[in-house]
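The structure appears below as structure tokens.
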Amino acid sequence: MNARELGPVAGALRHVVLAAGAVIMLAPFVWMVLSSFKPQAEIMSAELHWLPQRWAAIENYSNVWSRVPMGRFLLNGVIVTASIFALQVLVNLPCAYALAKLRFRGRRALFAIVLLGLLIPMHATAIPIYILFHYAGVLNTYAALILPFMISVFGIFMLRQFFMSVPDDLIDAARIDGVSEIGIVWRVMLPTAIPAVTAFGIFSVVAHWNDYFWPLIAVGTKDLYTPPLGVAFFRLNDGGTDYGVLMAAATIVILPLVVAFLLAQRRFIEGVTFSGLKG
């Protein structure tokens, strides 16, 4: 078989592998949504049925909103994730610009510290931050949920990689026009970096919308609970876990992320692609 004949075969094989990967990735989510339409007895049945034999969607989804203040949990999630992302952009953009385009002593050392920060998980610093917030008196507030994440080393690294691909002539032209370095960051670099900012925004929003660990220890009032803590209300109760309602709550929590990703899909792909052009 020559190279010309191998081309279509390789393309078809590639699509088969990608389709198989997509099925493996999507199957748990499809099962979650279908389970949210089933009654408890059918979910616990030994027989496997993808589609519900008896539809209980209205019952399950209405129970989600009646048992807990799910609207409040979703609103808290929007406030926390939006505030974190806004602060991250405010901090990360100037830092990334400085590391990518400015020449100063210690620049490489600072970038090495950023790379080192990528290796440190949140769980390693959770106890010191918790003790600090305890003495500062900010536990059980929105500040406790937002402040630990206002600086993202991943965001600095990602934006820095994108800025490395921006021509220096564009920055020099802005300087000749009398634009300050801060003005260059917000008036020149930010519009250029919209794909990278959008891509980072998807990573940031997904990570903090789904975060269960830190909100669990940082807040104790139901009024401040985020969506993952709200979902936890439906498991391990005294009467056993109601899986139909649990799956319905999980579907409600995940749906905004799916919609946001579909709306920002093109920008997300552009940002991830261009962020790796230069080292």
A side-chain contact here means heavy atoms from C-beta on lying under 4.5 Å apart; do [X] and [Y] qualify?
X: Leu224; Y: Val80; value: no
X: Met247; Y: Leu34; value: no
X: Phe149; Y: Met122; value: yes

[X] to [Y] - nearest heavy-atom pair and separation:
X: Lys101; Y: Pro167; value: NZ-C, 4.5 Å
X: Ile84; Y: Leu145; value: CD1-O, 3.7 Å
X: Asn76; Y: Asp223; value: ND2-O, 2.7 Å

Under the ring pair (Phe, Tyr, Trp, His ring centres under 6.0 Å) test, residues paired with [X] that sit two or more places apart:
X: Trp65; result: none
X: Tyr225; result: Phe233
X: His123; result: Phe213
X: Phe133; result: none

Once side-chain contact (heavy atoms from CB on, under 4.5 Å) is applied, do any residues pair with [X], and if so which ones, sequence neighbours excluded?
X: Ser180; result: Ile182
X: Phe154; result: Leu118, Ser152, Met158, Phe200, Phe203
X: Val197; result: Phe85, Val89, Leu93, Leu159, Leu190, Ala193
X: Ile120; result: Ala124, Thr125

Open item on the list: Assess, by modelled atom type and distance only, whether the side chains of Asn60 and Ser36 contain a donor and an acceptor separated by less than 3.5 Å.
Closed with: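 Ser36 and Asn60 do not have a side-chain donor-acceptor pair below 3.5 Å.
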Task: For Asn210, side chain to side chain donor-acceptor pair (under 3.5 Å) partners two or more places apart - done: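 Per chain and number, Asn210 pairs via side chain to side chain donor-acceptor pair (under 3.5 Å) with no residue.
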Open item on the list: Going by the rule side chain to side chain donor-acceptor pair (under 3.5 Å), which residues pair with Ser204 if we only count those two or more places apart in sequence or in a different chain?
Closed with: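 Gln88.
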Task: Approximate separation, where rounding is to 0.5 Å, of Tyr212 OH and Leu229 CG - done: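 Taking OH in Tyr212 and CG in Leu229, the distance rounds to 6.0 Å.
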Open item on the list: Using only atom types and a distance under 3.5 Å, with no angle test, would you say the side chain of Glu59 pairs donor to acceptor with the backbone of Pro39?
Closed with: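 No, the answer is negative, given that no donor and acceptor are paired below the 3.5 Å cut-off.
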- [ ] Measure from the side-chain N and O atoms of Thr198 to the backbone N and O of Ile194, and report whether any donor-acceptor pair falls under 3.5 Å.
- [x]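 Between the backbone of Ile194 and the side chain of Thr198 there is a qualifying donor-acceptor contact (under 3.5 Å).
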Open item on the list: Between Ile202 and Phe261, is the side chain to side chain contact (heavy atoms under 4.5 Å, CB included) condition met? List the steps.
Closed with: CA-CA 7 Å; Ile202 294 294; Phe261 179 78; 4.1 Å; yes
Task: side chain to side chain donor-acceptor pair (under 3.5 Å) pairs, two or more places apart, involving residues 181-195 - done: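 Residue pairs passing side chain to side chain donor-acceptor pair (under 3.5 Å), neighbours aside: Tyr97-Glu181, Arg175-Glu181.
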- [ ] Would you mind listing every side chain to side chain donor-acceptor pair (under 3.5 Å) that reaches into residues 105-119, with sequence neighbours excluded?
- [x]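 Residue pairs passing side chain to side chain donor-acceptor pair (under 3.5 Å), neighbours aside: none found.
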